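Numbering of residues begins at 1 and proceeds along the displayed sequence. Source: prediction; values computed, not measured.
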Amino acid sequence: MKRILFGILMISLLLVSCSMQIVPEQPPEITNCILIIGDGMGFAHVRAASLYLTGEEDGLSFQQFPAASQVGTLSLCGAITDSAAAATAMATGMKVSNGTISQAPDGKPYETLLEYYKRYGMSTGLVSTAHLTHATPAAFGAHEENRGNYEEIAADFLEETQPEVLLGGGGYGLTVAAAEAAGYKVVTTAAELQTAVAQDVERISGQFGTGHIPYVAERSEDYPSLPEMTEAALSILEKGPDGFFLMVEAGRIDHASHDNNLVHMIGETIELHETVEAIHTWAAGRDDTTIIVTADHETGLLDMDIPITEGSLPTNPDAYWGHTGHSRGDVPIYVWGMNAEQWDVSRMDNTDIYRIITNTY
(Lines give C-alpha, C1' and ligand atoms only; values in the text may rest on other atoms or scores of the structure.)
Protein backbone atom coordinates (compact mmCIF):
# COMPACT_ATOMS: atom_id res chain seq x y z
CA MET A 1 0.00 0.00 0.00
CA LYS A 2 2.81 2.41 0.89
CA ARG A 3 4.46 1.78 -2.48
CA ILE A 4 1.18 2.47 -4.29
CA LEU A 5 0.65 5.73 -2.37
CA PHE A 6 4.26 6.75 -3.06
CA GLY A 7 3.76 6.03 -6.74
CA ILE A 8 0.59 8.13 -6.86
CA LEU A 9 2.39 10.97 -5.09
CA MET A 10 5.30 10.88 -7.54
CA ILE A 11 2.94 10.87 -10.51
CA SER A 12 1.05 13.83 -9.04
CA LEU A 13 4.27 15.77 -8.49
CA LEU A 14 5.38 14.98 -12.03
CA LEU A 15 2.11 16.25 -13.49
CA VAL A 16 2.39 19.46 -11.45
CA SER A 17 5.96 20.08 -12.60
CA CYS A 18 5.01 19.33 -16.21
CA SER A 19 2.23 21.95 -16.04
CA MET A 20 4.60 24.79 -15.08
CA GLN A 21 5.50 26.84 -18.13
CA ILE A 22 8.80 28.72 -18.32
CA VAL A 23 7.70 32.16 -19.49
CA PRO A 24 10.38 34.26 -21.22
CA GLU A 25 11.31 37.44 -19.36
CA GLN A 26 13.25 39.06 -22.19
CA PRO A 27 11.82 40.45 -25.45
CA PRO A 28 12.14 38.34 -28.60
CA GLU A 29 15.62 38.16 -30.09
CA ILE A 30 14.12 37.26 -33.47
CA THR A 31 12.47 40.40 -34.83
CA ASN A 32 10.35 38.64 -37.44
CA CYS A 33 9.47 35.03 -36.67
CA ILE A 34 7.56 33.11 -39.35
CA LEU A 35 6.46 29.58 -38.43
CA ILE A 36 5.02 27.53 -41.30
CA ILE A 37 3.21 24.29 -40.42
CA GLY A 38 2.31 21.63 -42.95
CA ASP A 39 -0.45 19.85 -41.06
CA GLY A 40 0.10 16.09 -41.34
CA MET A 41 3.26 16.50 -43.45
CA GLY A 42 5.82 13.77 -42.87
CA PHE A 43 9.09 13.03 -44.63
CA ALA A 44 7.35 10.90 -47.27
CA HIS A 45 4.90 13.71 -48.05
CA VAL A 46 7.78 16.11 -48.74
CA ARG A 47 9.64 13.53 -50.85
CA ALA A 48 6.55 12.70 -52.91
CA ALA A 49 5.76 16.36 -53.66
CA SER A 50 9.37 17.09 -54.57
CA LEU A 51 9.62 14.12 -56.94
CA TYR A 52 6.37 15.08 -58.65
CA LEU A 53 7.31 18.77 -59.01
CA THR A 54 11.03 18.52 -59.80
CA GLY A 55 11.97 14.89 -60.37
CA GLU A 56 14.40 15.20 -57.44
CA GLU A 57 13.99 14.15 -53.82
CA ASP A 58 15.15 17.49 -52.44
CA GLY A 59 13.78 20.03 -54.91
CA LEU A 60 11.31 21.98 -52.73
CA SER A 61 12.12 25.50 -51.57
CA PHE A 62 12.42 24.72 -47.87
CA GLN A 63 14.57 21.66 -48.50
CA GLN A 64 17.29 24.12 -49.51
CA PHE A 65 17.35 25.79 -46.09
CA PRO A 66 20.71 25.66 -44.25
CA ALA A 67 19.42 23.89 -41.13
CA ALA A 68 17.31 20.75 -40.94
CA SER A 69 16.38 18.19 -38.33
CA GLN A 70 13.56 15.89 -37.22
CA VAL A 71 10.96 16.53 -34.56
CA GLY A 72 9.26 14.21 -32.07
CA THR A 73 5.53 14.84 -31.86
CA LEU A 74 4.01 12.70 -29.09
CA SER A 75 1.56 14.42 -26.76
CA LEU A 76 1.23 14.14 -22.98
CA CYS A 77 1.93 10.63 -21.62
CA GLY A 78 3.42 9.53 -24.95
CA ALA A 79 0.18 9.38 -26.91
CA ILE A 80 0.01 9.74 -30.69
CA THR A 81 -0.78 13.41 -30.99
CA ASP A 82 -3.63 15.33 -32.53
CA SER A 83 -3.22 18.80 -33.99
CA ALA A 84 -4.38 20.56 -30.83
CA ALA A 85 -1.73 18.99 -28.59
CA ALA A 86 1.02 19.26 -31.20
CA ALA A 87 0.31 22.91 -31.99
CA THR A 88 0.11 23.67 -28.26
CA ALA A 89 3.55 22.11 -27.78
CA MET A 90 5.00 24.34 -30.50
CA ALA A 91 3.11 27.42 -29.36
CA THR A 92 3.80 27.12 -25.62
CA GLY A 93 6.58 24.60 -25.04
CA MET A 94 4.17 22.47 -23.00
CA LYS A 95 2.80 18.97 -23.47
CA VAL A 96 -0.97 18.64 -23.12
CA SER A 97 -3.58 15.95 -23.68
CA ASN A 98 -5.10 15.60 -27.13
CA GLY A 99 -7.89 18.06 -27.78
CA THR A 100 -6.53 20.71 -25.41
CA ILE A 101 -5.82 24.22 -26.68
CA SER A 102 -2.89 25.92 -24.88
CA GLN A 103 -3.93 25.52 -21.28
CA ALA A 104 -2.91 23.52 -18.21
CA PRO A 105 -4.99 20.72 -16.69
CA ASP A 106 -6.30 23.18 -14.08
CA GLY A 107 -7.50 25.54 -16.81
CA LYS A 108 -4.68 28.05 -16.42
CA PRO A 109 -3.69 29.47 -19.83
CA TYR A 110 -0.22 28.90 -21.19
CA GLU A 111 1.24 31.99 -22.88
CA THR A 112 1.67 31.31 -26.60
CA LEU A 113 4.33 32.56 -29.00
CA LEU A 114 1.73 34.91 -30.45
CA GLU A 115 1.00 36.34 -27.00
CA TYR A 116 4.71 36.55 -26.18
CA TYR A 117 5.34 38.71 -29.24
CA LYS A 118 2.27 40.81 -28.54
CA ARG A 119 3.39 41.31 -24.92
CA TYR A 120 6.31 43.32 -26.30
CA GLY A 121 4.20 45.42 -28.65
CA MET A 122 4.91 43.41 -31.78
CA SER A 123 2.40 42.56 -34.52
CA THR A 124 0.95 39.08 -34.95
CA GLY A 125 -0.93 37.06 -37.52
CA LEU A 126 -2.53 33.69 -38.24
CA VAL A 127 -3.04 32.30 -41.76
CA SER A 128 -4.51 28.90 -42.65
CA THR A 129 -6.21 26.97 -45.41
CA ALA A 130 -8.30 25.30 -42.70
CA HIS A 131 -11.09 27.23 -41.02
CA LEU A 132 -9.44 29.67 -38.64
CA THR A 133 -10.88 28.24 -35.43
CA HIS A 134 -9.38 24.83 -36.29
CA ALA A 135 -6.93 23.30 -33.83
CA THR A 136 -3.61 24.55 -35.17
CA PRO A 137 -4.35 28.30 -35.45
CA ALA A 138 -6.43 28.05 -32.27
CA ALA A 139 -3.45 26.84 -30.26
CA PHE A 140 -1.56 30.05 -31.05
CA GLY A 141 -4.37 32.50 -30.32
CA ALA A 142 -6.79 30.86 -27.89
CA HIS A 143 -7.07 28.89 -24.63
CA GLU A 144 -9.77 26.22 -24.41
CA GLU A 145 -10.19 22.81 -22.82
CA ASN A 146 -11.69 21.42 -26.01
CA ARG A 147 -10.64 22.09 -29.60
CA GLY A 148 -14.30 21.89 -30.61
CA ASN A 149 -15.21 25.04 -28.66
CA TYR A 150 -15.30 27.03 -31.89
CA GLU A 151 -17.36 29.98 -30.69
CA GLU A 152 -15.13 30.38 -27.64
CA ILE A 153 -11.99 30.13 -29.78
CA ALA A 154 -13.34 32.85 -32.10
CA ALA A 155 -14.08 35.04 -29.08
CA ASP A 156 -10.52 34.46 -27.78
CA PHE A 157 -9.19 35.68 -31.14
CA LEU A 158 -11.40 38.75 -31.41
CA GLU A 159 -11.64 39.83 -27.79
CA GLU A 160 -8.46 38.61 -26.12
CA THR A 161 -5.36 37.97 -28.29
CA GLN A 162 -6.50 40.12 -31.25
CA PRO A 163 -3.92 39.30 -33.94
CA GLU A 164 -3.63 42.02 -36.56
CA VAL A 165 -4.08 39.41 -39.29
CA LEU A 166 -6.61 36.55 -39.34
CA LEU A 167 -6.85 34.92 -42.78
CA GLY A 168 -8.41 31.55 -43.56
CA GLY A 169 -11.64 29.64 -43.82
CA GLY A 170 -14.67 31.24 -42.18
CA GLY A 171 -17.50 29.92 -40.10
CA TYR A 172 -17.21 27.54 -37.15
CA GLY A 173 -17.77 30.30 -34.61
CA LEU A 174 -16.13 33.12 -36.56
CA THR A 175 -18.59 35.63 -38.06
CA VAL A 176 -18.35 38.79 -40.11
CA ALA A 177 -20.44 40.74 -37.58
CA ALA A 178 -18.30 39.74 -34.61
CA ALA A 179 -15.05 40.58 -36.40
CA GLU A 180 -16.34 43.96 -37.54
CA ALA A 181 -17.52 44.73 -34.00
CA ALA A 182 -13.98 43.94 -32.80
CA GLY A 183 -12.51 46.49 -35.22
CA TYR A 184 -11.41 44.25 -38.07
CA LYS A 185 -11.75 44.98 -41.77
CA VAL A 186 -13.53 41.85 -43.01
CA VAL A 187 -12.99 40.43 -46.49
CA THR A 188 -14.61 37.33 -47.97
CA THR A 189 -13.04 36.97 -51.45
CA ALA A 190 -9.57 37.05 -52.98
CA ALA A 191 -10.37 40.32 -54.76
CA GLU A 192 -11.54 41.95 -51.54
CA LEU A 193 -8.32 40.85 -49.86
CA GLN A 194 -6.14 42.53 -52.47
CA THR A 195 -8.23 45.72 -52.29
CA ALA A 196 -7.97 45.84 -48.50
CA VAL A 197 -4.19 45.43 -48.59
CA ALA A 198 -3.94 48.26 -51.13
CA GLN A 199 -6.03 50.41 -48.80
CA ASP A 200 -3.42 50.05 -46.07
CA VAL A 201 -5.66 48.43 -43.46
CA GLU A 202 -4.16 47.76 -40.04
CA ARG A 203 -6.34 44.83 -38.88
CA ILE A 204 -7.94 42.32 -41.20
CA SER A 205 -10.14 39.24 -40.87
CA GLY A 206 -10.33 37.19 -44.05
CA GLN A 207 -13.25 34.77 -43.79
CA PHE A 208 -13.25 32.80 -47.04
CA GLY A 209 -16.28 30.53 -47.26
CA THR A 210 -17.76 28.76 -44.26
CA GLY A 211 -15.30 25.97 -43.66
CA HIS A 212 -11.95 24.80 -44.93
CA ILE A 213 -10.65 26.51 -48.06
CA PRO A 214 -11.06 24.04 -50.96
CA TYR A 215 -8.15 21.98 -52.19
CA VAL A 216 -5.91 23.68 -54.75
CA ALA A 217 -7.29 21.47 -57.53
CA GLU A 218 -10.89 22.38 -56.69
CA ARG A 219 -10.53 26.04 -55.69
CA SER A 220 -12.41 28.81 -57.49
CA GLU A 221 -10.95 32.26 -58.09
CA ASP A 222 -13.04 33.64 -55.21
CA TYR A 223 -10.66 31.95 -52.79
CA PRO A 224 -7.13 33.29 -52.27
CA SER A 225 -4.23 30.87 -52.42
CA LEU A 226 -2.00 30.27 -49.41
CA PRO A 227 0.84 32.30 -51.01
CA GLU A 228 -1.59 35.18 -51.65
CA MET A 229 -2.85 35.17 -48.07
CA THR A 230 0.70 35.00 -46.75
CA GLU A 231 1.94 37.86 -48.93
CA ALA A 232 -1.04 39.94 -47.77
CA ALA A 233 -0.19 39.14 -44.16
CA LEU A 234 3.44 40.16 -44.66
CA SER A 235 2.37 43.44 -46.30
CA ILE A 236 0.33 44.33 -43.23
CA LEU A 237 2.62 43.01 -40.51
CA GLU A 238 5.84 44.52 -41.88
CA LYS A 239 4.43 48.00 -41.26
CA GLY A 240 4.69 47.48 -37.53
CA PRO A 241 7.87 49.18 -36.29
CA ASP A 242 8.98 46.46 -33.86
CA GLY A 243 8.63 43.20 -35.79
CA PHE A 244 6.08 40.41 -35.83
CA PHE A 245 5.14 36.78 -35.31
CA LEU A 246 3.28 34.99 -38.10
CA MET A 247 1.98 31.41 -38.13
CA VAL A 248 1.07 30.02 -41.56
CA GLU A 249 -0.64 26.63 -41.86
CA ALA A 250 -1.13 24.46 -44.91
CA GLY A 251 -4.01 22.73 -43.18
CA ARG A 252 -5.35 20.57 -45.97
CA ILE A 253 -2.30 18.35 -46.38
CA ASP A 254 -3.69 16.57 -43.35
CA HIS A 255 -7.21 16.24 -44.74
CA ALA A 256 -5.95 14.75 -48.01
CA SER A 257 -3.79 12.34 -46.04
CA HIS A 258 -6.72 11.22 -43.87
CA ASP A 259 -8.48 10.44 -47.15
CA ASN A 260 -5.36 8.67 -48.48
CA ASN A 261 -5.57 10.96 -51.51
CA LEU A 262 -2.06 11.31 -52.92
CA VAL A 263 -3.13 13.73 -55.66
CA HIS A 264 -4.62 16.31 -53.29
CA MET A 265 -1.81 15.81 -50.78
CA ILE A 266 0.85 16.59 -53.38
CA GLY A 267 -1.07 19.64 -54.60
CA GLU A 268 -1.35 21.06 -51.08
CA THR A 269 2.33 20.36 -50.30
CA ILE A 270 3.41 22.07 -53.52
CA GLU A 271 1.33 25.09 -52.48
CA LEU A 272 3.26 25.09 -49.19
CA HIS A 273 6.49 25.06 -51.22
CA GLU A 274 5.23 28.08 -53.21
CA THR A 275 4.29 29.85 -49.99
CA VAL A 276 7.76 29.36 -48.55
CA GLU A 277 9.24 30.66 -51.82
CA ALA A 278 7.19 33.85 -51.42
CA ILE A 279 8.24 34.26 -47.78
CA HIS A 280 11.89 33.66 -48.60
CA THR A 281 11.74 36.25 -51.38
CA TRP A 282 10.29 38.75 -48.89
CA ALA A 283 12.97 37.96 -46.31
CA ALA A 284 15.96 37.90 -48.68
CA GLY A 285 18.76 40.13 -47.45
CA ARG A 286 17.33 40.51 -43.94
CA ASP A 287 19.31 39.52 -40.85
CA ASP A 288 16.44 39.90 -38.36
CA THR A 289 14.11 37.17 -39.60
CA THR A 290 13.78 33.43 -39.01
CA ILE A 291 11.68 31.14 -41.23
CA ILE A 292 10.76 27.76 -39.74
CA VAL A 293 9.00 25.04 -41.76
CA THR A 294 7.74 21.95 -39.95
CA ALA A 295 4.68 19.77 -39.28
CA ASP A 296 2.52 19.02 -36.27
CA HIS A 297 2.44 15.28 -36.97
CA GLU A 298 2.48 12.73 -39.79
CA THR A 299 -0.84 11.53 -41.21
CA GLY A 300 -1.49 8.34 -43.16
CA LEU A 301 1.79 6.47 -42.60
CA LEU A 302 2.76 7.23 -46.19
CA ASP A 303 5.23 4.93 -47.97
CA MET A 304 8.64 6.51 -48.64
CA ASP A 305 9.18 4.42 -51.79
CA ILE A 306 6.32 5.56 -54.00
CA PRO A 307 7.40 5.34 -57.67
CA ILE A 308 6.89 8.99 -58.64
CA THR A 309 8.60 10.76 -61.51
CA GLU A 310 8.36 14.43 -62.46
CA GLY A 311 4.76 15.21 -63.35
CA SER A 312 3.71 11.57 -63.15
CA LEU A 313 2.10 9.42 -60.46
CA PRO A 314 1.91 5.62 -60.20
CA THR A 315 -1.05 3.80 -61.75
CA ASN A 316 -2.79 3.51 -58.39
CA PRO A 317 -1.66 6.67 -56.53
CA ASP A 318 -3.81 6.04 -53.44
CA ALA A 319 -2.36 2.62 -52.64
CA TYR A 320 0.72 3.70 -50.69
CA TRP A 321 -0.79 4.53 -47.30
CA GLY A 322 -0.53 2.57 -44.07
CA HIS A 323 -3.77 3.81 -42.52
CA THR A 324 -6.03 6.89 -42.36
CA GLY A 325 -4.96 8.28 -38.98
CA HIS A 326 -2.00 10.03 -37.42
CA SER A 327 1.25 8.20 -36.75
CA ARG A 328 3.85 8.46 -34.01
CA GLY A 329 6.74 9.07 -36.42
CA ASP A 330 9.00 12.12 -36.35
CA VAL A 331 8.41 14.95 -38.80
CA PRO A 332 10.89 17.18 -40.64
CA ILE A 333 11.91 20.72 -39.76
CA TYR A 334 13.78 23.22 -41.96
CA VAL A 335 15.09 26.62 -40.83
CA TRP A 336 16.49 29.70 -42.58
CA GLY A 337 17.71 33.04 -41.29
CA MET A 338 18.62 34.46 -37.89
CA ASN A 339 20.05 31.87 -35.48
CA ALA A 340 19.50 29.06 -38.00
CA GLU A 341 22.53 27.24 -36.61
CA GLN A 342 20.68 26.65 -33.33
CA TRP A 343 18.27 24.35 -35.16
CA ASP A 344 20.92 22.20 -36.86
CA VAL A 345 20.73 19.27 -34.43
CA SER A 346 20.16 15.56 -34.91
CA ARG A 347 16.71 15.54 -33.31
CA MET A 348 14.44 17.71 -31.19
CA ASP A 349 11.05 17.60 -29.54
CA ASN A 350 8.18 19.80 -30.71
CA THR A 351 8.35 21.69 -27.40
CA ASP A 352 11.90 22.77 -28.35
CA ILE A 353 10.47 24.95 -31.11
CA TYR A 354 9.02 27.29 -28.48
CA ARG A 355 12.16 27.12 -26.36
CA ILE A 356 14.57 27.96 -29.17
CA ILE A 357 12.44 30.86 -30.39
CA THR A 358 12.07 32.30 -26.88
CA ASN A 359 15.56 31.31 -25.72
CA THR A 360 14.14 29.49 -22.67
CA TYR A 361 15.73 26.15 -21.78
Side-chain angles (χ1 to χ4, degrees), residues 32 34-66 68 125-130 136-137 165 167-169 189-191 193-194 197 206 208 212-238 246-257 261-286 289-296 308 310-313 331-337:
N32 305 312
I34 306 170
L35 175 60
I36 304 109
I37 298 171
D39 197 317
M41 184 182 73
F43 286 96
H45 297 67
V46 174
R47 179 179 181 274
S50 179
L51 284 170
Y52 182 81
L53 182 66
T54 72
E56 304 291 337
E57 293 190 2
D58 57 355
L60 300 185
S61 54
F62 47 87
Q63 291 179 286
Q64 315 309 312
F65 282 4
L126 299 172
V127 174
S128 180
T129 50
T136 299
V165 173
L167 300 176
T189 68
L193 175 62
Q194 297 305 319
V197 171
F208 307 108
H212 303 312
I213 291 176
Y215 290 123
V216 171
E218 300 172 349
R219 195 179 298 160
S220 74
E221 62 182 14
D222 287 336
Y223 290 93
S225 67
L226 187 59
E228 288 170 339
M229 288 192 290
T230 302
E231 288 175 329
L234 291 171
S235 295
I236 294 169
L237 295 175
E238 69 179 352
L246 173 63
M247 192 288 297
V248 177
E249 182 199 23
R252 307 228 57 196
I253 297 172
D254 180 59
H255 303 150
S257 299
N261 189 315
L262 191 66
V263 174
H264 281 323
M265 184 282 289
I266 286 176
E268 299 302 306
T269 306
I270 289 174
E271 184 176 55
L272 176 61
H273 146 81
E274 294 167 347
T275 302
V276 176
E277 276 190 325
I279 294 171
H280 189 246
T281 297
W282 174 87
R286 304 187 70 110
T289 299
T290 300
I291 304 171
I292 305 153
V293 181
T294 190
D296 50 356
I308 297 175
E310 185 175 350
S312 179
L313 297 176
V331 295
I333 187 168
Y334 312 89
V335 182
W336 175 94

For residues 277-285, run the donor-acceptor check on the side chains, cut-off 3.5 Å, and write out each pair with its distance to 0.1 Å, sequence neighbours left out.
unit_1	atom_1	unit_2	atom_2	d
His280	NE2	Trp336	NE1	3.2
Thr281	OG1	Glu277	O	2.9
Trp282	NE1	Glu238	OE1	2.7

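For Thr136, the side chain to side chain donor-acceptor pair (under 3.5 Å) partners two or more places apart in sequence, or in a different chain, are Asp39, Glu249. Every residue meeting the salt bridge (charged side-chain N to carboxylate O under 4.0 Å, His left out) condition with Glu57, not counting sequence neighbours, appears here in chain and number order: Arg47. Among residues two or more places apart in sequence or in another chain, the side chain to side chain donor-acceptor pair (under 3.5 Å) test is passed with Asp296 by Ser83. In this structure, Glu231 has no salt bridge (charged side-chain N to carboxylate O under 4.0 Å, His left out) partners at least two apart in sequence or on a different chain. Tyr223 is linked by a ring-ring contact (aromatic ring centres under 6.0 Å, His included) to nothing, counting only residues two or more places apart in sequence or in another chain. Listed by chain and number, the residues in a side chain to side chain contact (heavy atoms under 4.5 Å, CB included) with Ala190 are Pro224 (sequence neighbours excluded). Applying the ring-ring contact (aromatic ring centres under 6.0 Å, His included) rule to His273 yields no partners; only residues at least two apart in sequence or on another chain are considered. Thr189 pairs by the side chain to side chain contact (heavy atoms under 4.5 Å, CB included) definition with Ala191, Glu192, not counting sequence neighbours. Under the side chain to side chain contact (heavy atoms under 4.5 Å, CB included) criterion, Asp58 pairs with Glu56, Gln63, not counting sequence neighbours. With sequence neighbours excluded, the residues satisfying side chain to side chain contact (heavy atoms under 4.5 Å, CB included) with Glu218 are Tyr215, His264. By the ring-ring contact (aromatic ring centres under 6.0 Å, His included) test, Phe62 pairs with Tyr334, sequence neighbours left out.
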